[in-house]
Number of protein chains: 2
Amino acid sequence: MDSKIFNLKSKLEVYKAMSGGGNFGDCPVRDVIQGISGKWSSLLVMALAERPYRFGELRRLVPDISQRMLTQTLYDLQRDGYVHREVFPTKPPSVEYSLTDLGRSMFAPLQLLIQWAELNHDAVREARAAFDAAQA
Amino acid sequence: MDSKIFNLKSKLEVYKAMSGGGNFGDCPVRDVIQGISGKWSSLLVMALAERPYRFGELRRLVPDISQRMLTQTLYDLQRDGYVHREVFPTKPPSVEYSLTDLGRSMFAPLQLLIQWAELNHDAVREARAAFDAAQA
DNA sequence: GTTTATGGTCTCAAAAAGAGACCAGCGCTA
DNA sequence: TAGCGCTGGTCTCTTTTTGAGACCATAAAC
């Protein structure tokens with residue numbers, strides 16, 4: 001057992017103390033989680049975990065992301081050290097995005113969550129339908 | 001090994017096909033992931049994984065969540081079947097929120113991601129600082 | 001009778017996201 | 001040689017989401 005996570009309450013209190021009194025704004029876990037819990041982040045990490053992709057490829061792979069959000073999400077992932085951006089000096093310069101070691105390390109647990117989602121999306125959809133039916 | 005996740009590209013293409021041609025809007029994994037990747041969702045699930053909480057307790061535990069977002073996030077988590085909401089007919093009615101079996105099942109992989117965040121937030125913060133320094 | 005606590009909802013302002021135009025450079029082709 | 005598309009973006013505008021805070025009803029405590 002990992003003793004690090006066995007008492008959440010005290011963890012929360014530790015974070016609370018760490019952030020300088022009564023506020024979770026600087027909770028380190030939240031800081032990290034928010035970076036990867038964006039609307040598009042997990043999807044892009046998922047794609048890049050398979051192989052490096054170019055900008056246009058990603059845009060075509062995820063058709064309903066706006067170019068602006070693709071740019072920005074990749075920028076944020078790069079800033080947090082998950083993604084490496086490499087520009088090739090071809091005639092129209094091409095840009096390749098790939099996962100860093102940190103990114104791959106983060107993908108390991110993320111993948112388990114994705115796997116859970118894959119196995120349980122039916123249960124979630126049923127719960128949602130039941131809830132909506134009960135509300136009506 | 002779980003053969004379900006070994007070739008992401010084909011997975012992506014399967015999702016693409018499932019969603020009726022060239023769009024990830026209905027990708028089931030995305031559907032589930034988005035439900036738990038909200039700004040406050042993981043934090044609240046984290047808290048409720050420890051024990052049931054009342055509305056006001058959660059508000060005090062997470063001081064920088066607005067009451068509106070607490071209400072709405074709990075509503076969404078309840079709708080997706082992760083959280084159970086029970087109203088007690090006390091004089092000012094009190095409401096208790098707790099994790100369902102589905103919620104606890106989902107927390108297992110989420111916890112691993114949280115654990116990763118806990119162990120690696122320094123690396124992320126360093127990457128961020130290095131990136132910002134390089135930009136300047 | 002004023003305050004306190006319960007768990008919300010409602011309104012309005014601020015922030016984030018999406019849609020789409022625009023840009024520069026080069027190759028292709030008509 | 002004039003147009004066209006491909007590259008990876010940025011800029012602006014509109015819509016959606018989020019946050020801040022007032023308001024609400026009830027009942028007990030003070």
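What you see below is based on every heavy atom in this structure, not just the backbone, and it leaves out hydrogens, waters and symmetry mates. Below, chains carry the letters A, B, ... as their sequence lines are ordered, and counting in each starts from 1.
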Distance in angstrom units between Tyr53(B) OH and dT6(C) P, rounded: 15 Å
Earlier contact from the 5' end, DNA chain D, for Thr71(A) and Pro92(A): Pro92(A)
Nucleotide nearest Arg60(B) when distance is taken to its side chain, options dG8(D), dT10(D), dT6(C): dT6(C)
Interatomic distance, Leu74(A) CG vs dT10(D) C1' [rounded to whole Å]: 15 Å
Phe55(A) six-ring face occupied by Arg59(A) cation (under 6.0 Å, within 45°): no
Protein-nucleotide distance (Gln67(A), atom CD; dC22(C), atom P), rounded to Å: 15 Å
Note: Asp76(A)-Arg128(B) ion pair, threshold 4.0 Å (strictly below): no
Ring centre gap for Phe131(B) and Tyr75(A) strictly below 6.0 Å: yes
Whole-Å gap separating P (dT9(C)) and OH (Tyr75(B)): 9 Å
Any donor-acceptor pair under 3.5 Å from Gln115(B) side chain to Leu112(B) backbone: no
Separation of atom CG in Leu70(A) from atom C1' in dA17(C), rounded to whole Å: 14 Å
Protein-nucleotide distance (Gln34(B), atom CD; dA16(C), atom P), rounded to Å: 18 Å
Sugar-phosphate only, base, or nothing, as touched by Phe88(B) at under 4.0 Å among non-hydrogen atoms: nothing
Nucleotides 11-20 of chain D: which of its N/O atoms have a protein N/O under 3.5 Å away?
residue, atom, partner, partner atom, Å
dG19(D), OP1, Lys39(B), NZ, 2.8
dG19(D), OP2, Trp40(B), NE1, 3.2
dG19(D), N7, Arg68(B), NE, 3.2
dG19(D), N7, Arg68(B), NH2, 3.1

From CA spacing to verdict: side chain to side chain contact (heavy atoms under 4.5 Å, CB included), Val45(B), Ile36(B): CA-CA 9 Å; Val45(B) 168; Ile36(B) 60 188; 5.9 Å; no
Salt bridge flag under 4.0 Å for residues Arg51(B) and Glu57(B): yes
